Amino acid sequence: MWSGKRDRSSMEDSADLTKLDQRSLWHPMLQHRGIEARMPRQIVSASGVFLEDANGQRLLDGVAGLWCVNVGYGREELAEVAREQMVRLPYLPLTFTHAPAAELAAKLTGMLGYAGKVYFTNSGSEANEAAFKVARQYHAQTGSPGRYKIIARYRGYHGNTLGALSATGQAERRVGYEPMAPGFLHIEAPDSFRNTQDCAALLERTIECEGPGTVAAFIMEPIIAGGGVLVPPDDYLPRVREICDRHGVLLILDEVVTGFGRTGASFAHRRAGVEPDLLTLGKGIASGYQPLAAMVAKQQVFEAFEGAPDELRHFRHINTYGGHPVATAVGLRNIEIFEREGLFEKAAKTGDALLARLRGLEDHPNVGEVRGRGLLLGIELVASDRSRDPLDAAQTAAVVARCAADGVIVGKTTNTTPGHSNIVILAPPLVLAEDEANLLASTLETSIREELSAKA
Ligand SMILES: Cc1ncc(COP(=O)(O)O)c(C=O)c1O
């Protein structure tokens with residue numbers, strides 16, 4: 001692994017870079033007015049689970065970038081693979097074929113354990129867009145052209161493009177961009193802390209009320225990630241599968257976050273023993289070293305697209321970079337690293353220990369629930385343990401800011417459900433070592449106890 005030593009010149013350049021940034025760069029999710037006073041931190045290098053900023057401060061990245069750098073930073077072999085591939089064949093559309101894409105597709109179906117076809121995209125949003133189009137076209141070509149609706153869930157996140165955003169159940173993300181695409185509707189998702197509804201029964205009721213002949217697919221994250229790390233009861237996913245089957249509705253599982261070891265398993269749905277009709281993957285597929293994502297269709301779904309060339313039954317969807325040789329070569333090697341280093345098992349073990357330790361925080365009056373699976377953990381903060389009202393956004397932000405000041409980056413929900421900016425999120429690289437997990441936990445514990453103690 002790369003040592004993480006930084007080029008000295010980067011420190012000197014930092015003031016110039018701030019000027020360039022302020023003049024020309026538009027950051028995601030950021031109010032730019034007043035940005036001078038709270039410039040995003042400049043990171044110059046990274047190694048293992050640590051980032052290093054322009055002032056030489058090391059920060060433990062408790063959220064693996066955007067929950068994607070599963071193998072950790074500084075993997076020289078991924079850089080080597082990318083270099084070799086760029087020299088040999090830097091680009092090829094998948095109207096041709098090349099070894100990295102075919103090998104990675106075969107690797108993925110092998111990991112999934114069922115026959116299917118892999119369609120590569122550049123982002124999780126695009127993978128979901130592809131899944132929605134496949135779902136609608138599948139029904140159109142199997143005798144149910146009236147099935148077009150996509151049922152999704154409140155608090156779920158499926159991406160930023162207009163279709164994926166239409167499936168996203170987080171009101172604030174849609175403000176100003178509406179109207180959304182027609183045909184998307186939402187139901188409640190299980191929430192172990194706040195919602196005792198039978199959410200699988202709710203899905204069946206919704207399908208019946210909408211008219212099963214109009215519903216194309218149900219999309220869900222096996223564990224809602226950005227919406228607050230919501231772990232459903234064990235019987236939820238198997239029941240969802242049965243309900244979808246009973247009503248001819250395709251099940252799309254969005255494993256963009258939960259895939260590739262994040263929950264301590266290759267894919268979160270394998271634990272439930274169900275198979276999706278369509279599966280979307282991203283993030284950990286190339287550990288963020290390249291932009292890569294994928295949609296996997298079960299063979300039976302794919303077969304509905306077979307026909308004569310002029311019948312227009314094939315999937316008429318193309319993107320310039322989907323299945324990029326460099327991205328897929330890196331993705332393939334990234335999976336080799338997971339296997340060689342047993343990183344899924346490691347994530348399960350580290351995650352169990354971290355969860356057990358952090359559950360000790362539940363005796364704090366501002367900690368409502370600590371939950372999660374593998375290295376995807378959520379700490380739900382409350383105004384008081386009696387009211388269970390969500391802790392206000394500013395106090396939650398203070399916990400996150402204190403962690404950052406103490407050298408540990410943790411995430412939190414934004415206003416995904418109105419009033420619920422109160423869930424601290426951890427999703428570190430899967431390589432997190434025991435002492436690093438202890439540092440992450442102790443920093444968060446100190447932050448919660450010291451930042452919130454006066455207000456308990
Ligand atoms: C569950 C889920 N699906 C889809 C996406 C969209 O992926 P991308 O940002 O690569 O478009 C995300 C991104 O965070 C996600 O969390």
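Since this is a predicted model, take the numbers as computed values, not measurements.
Within the 4.5 Å cutoff, the side chain of R402 has no heavy atoms near those of the I448 side chain. No side-chain heavy atom of N334 sits under 4.5 Å from any side-chain heavy atom of L332. V229 has its side chain out of reach of L377: every pair of non-hydrogen atoms, C-beta onward, lies at least 4.5 Å apart. Between L426 and L375, the closest side-chain pair of non-hydrogen atoms is not below 4.5 Å. Contact of the M180 side chain with the L162 side chain is registered, since non-hydrogen atoms from C-beta on lie closer than 4.5 Å. Looking at heavy atoms from C-beta onward, M39 lies in side-chain contact with Q22 at the 4.5 angstrom threshold.
Atom CG in N122 sits 8.0 Å away from atom CG in L292 (nearest 0.5 Å). Interatomic distance, L354 CG to R359 CZ, rounded to the nearest 0.5 Å: 11.0 Å. With rounding to the nearest 0.5 angstrom, the CD1 atom of I409 is 4.5 Å from the CG atom of L59. Note that the CD atom of E129 and the CG atom of N319 stand 11.5 Å from one another [nearest 0.5 Å]. Atom CG of L202 is separated from atom CD1 of I187 by 5.0 Å, given to the nearest 0.5 angstrom. The CZ atom of R136 sits 14.5 Å away from the OG atom of S144 when rounded to the nearest 0.5 Å.
A side-chain donor-acceptor contact under 3.5 Å links S123 to the backbone of E126. Checking side-chain atoms of T417 against main-chain N and O of H420 turns up no donor-acceptor pair under 3.5 Å. Between the Y91 side chain and the T320 main chain, a donor and an acceptor come within less than 3.5 Å of each other. A donor-acceptor pair under 3.5 Å is absent between the side-chain atoms of H247 and the main chain of I207, judged by distance alone. Without hydrogens or angle criteria, S447 side chain to T443 main chain gives no donor-acceptor distance under 3.5 Å. S287 contributes a side-chain N or O that, together with a main-chain N or O of V71, makes up a donor-acceptor pair within less than 3.5 Å. Formation of a donor-acceptor pair under 3.5 Å by the R262 side chain with backbone atoms of P428 is found in this model. At distances below 3.5 Å, not a single donor-acceptor pair connects side-chain atoms of N422 with backbone N or O atoms of D392. Not one N or O on the side chain of Y119 forms a donor-acceptor pair closer than 3.5 Å with the backbone of G322. In this structure a side-chain-to-backbone donor-acceptor pair under 3.5 Å is present from E362 to V370.
Under a cut-off of 6.0 angstrom, the local environment of CZ in R316 is crowded, with over 12 non-hydrogen atoms contributed by other residues, nucleotides or ligands. A 6.0 Å sphere centred on CZ of F305 holds more than 12 heavy atoms belonging to other residues, nucleotides or ligands. Within a 6.0 Å sphere centred on CZ of R83, other residues, nucleotides and ligands contribute 12 heavy atoms or fewer. Other residues, nucleotides and ligands contribute at most 12 non-hydrogen atoms within 6.0 Å of the OH atom of Y177.
The minimum heavy-atom distance between P190 and P233, with the atom names listed, is CB-CD, 3.7 Å. Residues I35 and H27 come closest through the heavy atom pair CD1-CD2, 4.2 Å. The two residues L361 and V367 have their closest heavy-atom pair at O-CB, 3.3 Å. When all heavy atoms of L251 and C244 are compared, the pair lying nearest together is CB-SG, 4.2 Å. For R153 against E221, the heavy-atom pair with the smallest separation is NH2-O, 2.9 Å. Among all heavy-atom pairs drawn from A225 and I425, the shortest one is O-CD1, 3.8 Å.
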Next item on the list: List the steps and the verdict of ring-ring contact (aromatic ring centres under 6.0 Å, His included) for Y321 and F120.
Entry: CA-CA 9 Å; Y321 299 122; F120 287 113; over 10 Å; no
- Task: Give the intermediate values and the outcome of ring-ring contact (aromatic ring centres under 6.0 Å, His included) for residues F184 and F132.
- Result: CA-CA 10 Å; F184 289 82; F132 301 145; 5.2 Å; yes
- [ ] Starting from the C-alpha separation in whole Å, work towards a yes-or-no answer on salt bridge (charged side-chain N to carboxylate O under 4.0 Å, His left out) for D191 and R155.
- [x] CA-CA 10 Å; D191 172 355; R155 303 185 73 171; 3.1 Å; yes
Steps toward salt bridge (charged side-chain N to carboxylate O under 4.0 Å, His left out) verdict (K346, E341):
CA-CA 8 Å; K346 183 176 166 69; E341 298 184 8; over 6 Å; no
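E306 has no carboxylate O lying under 4.0 Å from a charged side-chain N of R313, or vice versa, which leaves the two without a salt bridge. Using a 4.0 Å cut-off between charged nitrogen and carboxylate oxygen, D277 and R241 count as a salt-bridge pair. R239 has no carboxylate O lying under 4.0 Å from a charged side-chain N of E242, or vice versa, which leaves the two without a salt bridge. Using a 4.0 Å cut-off between charged side-chain N and carboxylate O, R371 and E380 make a salt bridge. Between R205 and E210 there is no salt bridge, since none of the side-chain N atoms of the basic residue sits less than 4.0 Å from a carboxylate O of the acidic one.
A parallel orientation is assigned to the rings of H317 and F315, their planes being inclined by less than 30° (bins at 30° and 60°). Relative orientation of the F338 and F344 rings is tilted, given thresholds of 30° and 60° on the angle between their planes.
A donor-acceptor contact closer than 3.5 angstrom links the side chains of K149 and T214. A donor atom on one side chain and an acceptor atom on the other are not found under 3.5 Å apart for Q300 and Y114.
For the side chain to side chain donor-acceptor pair (under 3.5 Å) criterion with E255, the lone passing option out of H269, R270, K283 is H269.
In this structure, R173 satisfies the cation-pi test against Y157, with its NZ or CZ atom closer than 6.0 Å to the six-membered ring centre and inside 45 degrees of the ring normal.
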